[in-house]
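Presented below is the structure to which this report refers.
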Amino acid sequence: MKIVFYASKNTGPWLAAIASALSDAKVWLWTPEEAGRQADYAIVWQPPAELFASQKGLKAVFNIGAGVDGLMALPNLPGNVPIVRLNDAGMASQMAEYVSHALIRHVREFDVYSEQMKERRWKARRPANRMDFPVGVMGLGFIGARVAESAASFGYPTFGWSRSGKSLPNITVFAGQDGLEPFLRAVRILICVLPLTAETQGILNAATLSKLKPDGYLINVARGRHLVEEDLLALLADGRLAGAALDVVCSEPLPADHPFWTHPKITLTPHISALTLREESVAQIAGKIRMLECGQTVEGVVDIRRGY
Ligand code: NAP
Ligand code: GLV
């Protein structure tokens, strides 16, 4: 079996891990010089379009991430073979940790205590009532469902929204376009864990974010382009939103002169809320390749029409 790999960094450890998990495979790093070398499988993260232009016999493409927006944007992605994304592979619990941290930091006012500490001020604030902070999770897939479950486990009233709806214990779920407005109106803390598609790009905008309960708070851990950044700045400026925790932004890395860097109501991290874990990911992909080789179907195949 022949496997072409592409990523822009840490390629040595990835090649070694794939070769070790699939010991009968020949594995190589894609380069323009070797573009014509034909593979059975491609394992990639944000590959150049040329990779697919020269591959004629791929049986499947594996994305070493959950989001496939980068792949979907390529002009010559093969349309007749499975495009397979990671399902969870250790990302759901990382995301649940990240979101719980952002949620609790906001609700329990830990940023205020950090400021008080700088002033050597010993002063307790009024206890927060979780009932005043209903949480809404957009996207209830492998990662979003885990995030929603973790918010509910702390006792926050928890709502979810997805295309098709889902039954999750202790979570009130809304579905589809008709469910979006009642979902937003029920929520004060909004968490975005949607895939980036033609339908979801710009979904966090003045119209949707204004429907949140007063003093709403946004946690975006999905993709920067879900958010209309100028709308967020305007809503923060007029006090309609209380703040935002952003792990993703439209232009990554965030340009040095971007207003988010210094905004007092915005907390930023550099796209680290759920990192791809090499060991778990390679084990998952190797297992799926073995299943495909036996003619079995695998989980996590992208529906190209929907874009996720
Ligand atoms: P997933 O399993 O594909 O789940 C996607 C969820 O979004 C599903 O519940 C789906 O609804 C819902 N959805 C999609 N389009 C929708 C629409 N138009 N309206 C309403 N709901 C819609 O994806 P996942 O594995 O949970 O990952 C979600 C996203 O997280 C990824 O695509 C990626 O962009 C992001 N991510 C970010 C990081 C990071 O470090 N920041 C790390 C990993 C992933 P159905 O259930 O009805 O299909
Ligand atoms: C990371 O952002 C991913 O989509 O896995």
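Start at 1 and go down the list; that is how both ligands and their atoms are numbered. Hydrogens, waters and symmetry mates play no part in the numbers below; they use all other heavy atoms, side chains included.
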(request) Taking only heavy atoms of G67 into account, list the atoms of ligand 2 that are under 4.0 Å away from them. (result) 3 (C), 4 (O), 5 (O)
(message) Suppose I only count heavy atoms of M91 and a 4.0 Å limit; which atoms of ligand 2 are within that range?
(response) 5 (O)
(message) Is T200 close enough to touch ligand 1? Criterion: a residue heavy atom under 4.0 Å from a ligand atom.
(response) yes
(request) Answer yes if the side chains of S281 and T276 hold a donor-acceptor pair under 3.5 Å, and no otherwise. (result) no
(request) List every atom of ligand 2 that sits less than 4.0 Å from any heavy atom of G65, numbering the atoms from 1 in the order shown and giving each element. (result) 5 (O)
(request) Find all atoms of ligand 1 within a distance of less than 4.0 Å from any non-hydrogen atom belonging to H271, and give their numbers and elements. (result) 39 (C), 40 (O), 41 (N)
(message) Looking at E279, I'd like to know if its CD atom is crowded, meaning that more than 12 non-hydrogen atoms belonging to other residues, nucleotides or ligands lie closer than 6.0 Å.
(response) no
(message) Below a 4.0 angstrom heavy-atom separation, can you tell me which part of R85, side chain or backbone, both or neither, approaches ligand 2?
(response) neither
(request) Under 4.0 Å, heavy atoms only, figure out whether ligand 1 is touched by the backbone of R163, its side chain, both or neither. (result) both
(request) Show which atoms of ligand 1 fall inside a sub-4.0 Å distance from at least one heavy-atom site of G144. (result) 26 (O)
(message) Can you tell me which portion of D88 lies within the under-4.0 Å heavy-atom range of ligand 1? Options are side chain, backbone, both, or neither.
(response) neither
(request) Starting from atom 39 (C) of ligand 1, find the nearest protein heavy-atom neighbour and note its residue, name and distance. (result) S273 OG, 3.3 Å
(request) Would you kindly specify which portion of Y308 sits under 4.0 Å from ligand 1, judged on non-hydrogen atoms: side chain, backbone, both or neither? (result) side chain
(message) My understanding is that we take every heavy atom of each candidate and find the minimum distance to atom 5 (C) of ligand 1. Doing that for P195, G224, G139, which one comes out nearest?
(response) P195
(request) Would you tell me which option among E299, M95, R146, R306 has the nearest heavy-atom contact to atom 38 (C) of ligand 1? (result) M95
(request) Identify, for atom 30 (O) of ligand 1, the protein heavy atom at the shortest distance, and state residue, atom and that distance. (result) V193 CG1, 4.0 Å
(request) Note the single closest protein heavy atom to atom 13 (N) of ligand 1, along with its residue, its atom name and the distance in Å. (result) L194 CD2, 3.7 Å
(request) For atom 5 (O) of ligand 2, find the nearest protein heavy atom and state the residue, atom name and distance (0.1 Å precision). (result) A66 N, 2.7 Å
(message) I need the atoms of ligand 1 closer than 4.0 Å to a non-hydrogen atom of M91, numbered in the order shown.
(response) 43 (C)
(message) Tell me whether R223 has any N or O atom under 3.5 angstrom from an N or O of ligand 2.
(response) yes
(message) One residue to check: M138. Relative to ligand 1, which of side chain, backbone, both or neither has a non-hydrogen atom less than 4.0 Å away?
(response) neither
(message) Which of the numbered atoms in ligand 2 are under 4.0 angstrom from any heavy atom belonging to H271?
(response) 1 (C), 2 (O)
(message) When you measure from the side chain of T200 to the backbone of T197, do you find a donor-acceptor pair of N or O atoms at a distance under 3.5 Å?
(response) yes
(request) Considering heavy atoms of the protein only, find what lies nearest to atom 4 (O) of ligand 1 and give residue, atom and distance to 0.1 Å. (result) G141 CA, 3.1 Å
(request) Around atom 2 (O) of ligand 1, find the nearest protein heavy atom and jot down its residue, atom name and distance. (result) F142 N, 3.0 Å
(request) Name the option, out of R223, E199, R85, that contains the heavy atom nearest to atom 36 (N) of ligand 1. (result) R223
(request) For K166 and ligand 1, answer yes if some heavy atom of the residue is under 4.0 Å from a ligand atom, otherwise no. (result) no
(message) I'd like to know whether ligand 1 has Q177 as a neighbour, heavy-atom separation below 4.0 Å.
(response) no
(message) Is it the case that the side chains of E199 and Y308 hold a donor-acceptor pair, with the cut-off being a distance below 3.5 Å and no angle test?
(response) no
(request) Could you see which bit of I143 sits under 4.0 Å from ligand 1, with heavy atoms only: side chain, backbone, both or neither? (result) both
(message) Looking at D132 and R188, is any side-chain nitrogen of the basic one under 4.0 Å from a carboxylate oxygen of the acidic one?
(response) no
(request) Please could you name the atoms of ligand 1 that S164 approaches to less than 4.0 Å, counting only its heavy atoms? (result) 45 (P), 46 (O), 47 (O)
(message) Distance under 4.0 Å to a non-hydrogen atom of D247: what atoms of ligand 1 satisfy this?
(response) 39 (C), 40 (O), 41 (N)
(request) Give the numbers and elements of all ligand 1 atoms closer than 4.0 Å to a heavy atom of V248. (result) 41 (N)
(message) Regarding ligand 1, does W161 bring an N or O atom to under 3.5 Å of one of the ligand's N or O atoms?
(response) no
(request) Tell me which protein heavy atom sits closest to atom 37 (C) of ligand 1, plus the residue, atom name and distance to 0.1 Å. (result) V221 O, 3.1 Å
(request) Have a look at A222, A274, G70 and point out the one with the heavy atom closest to atom 40 (O) of ligand 1. (result) A274
(request) May I ask you to identify the nearest protein heavy atom to atom 9 (O) of ligand 1, giving residue, atom name and distance to one decimal place in Å? (result) L140 N, 2.9 Å
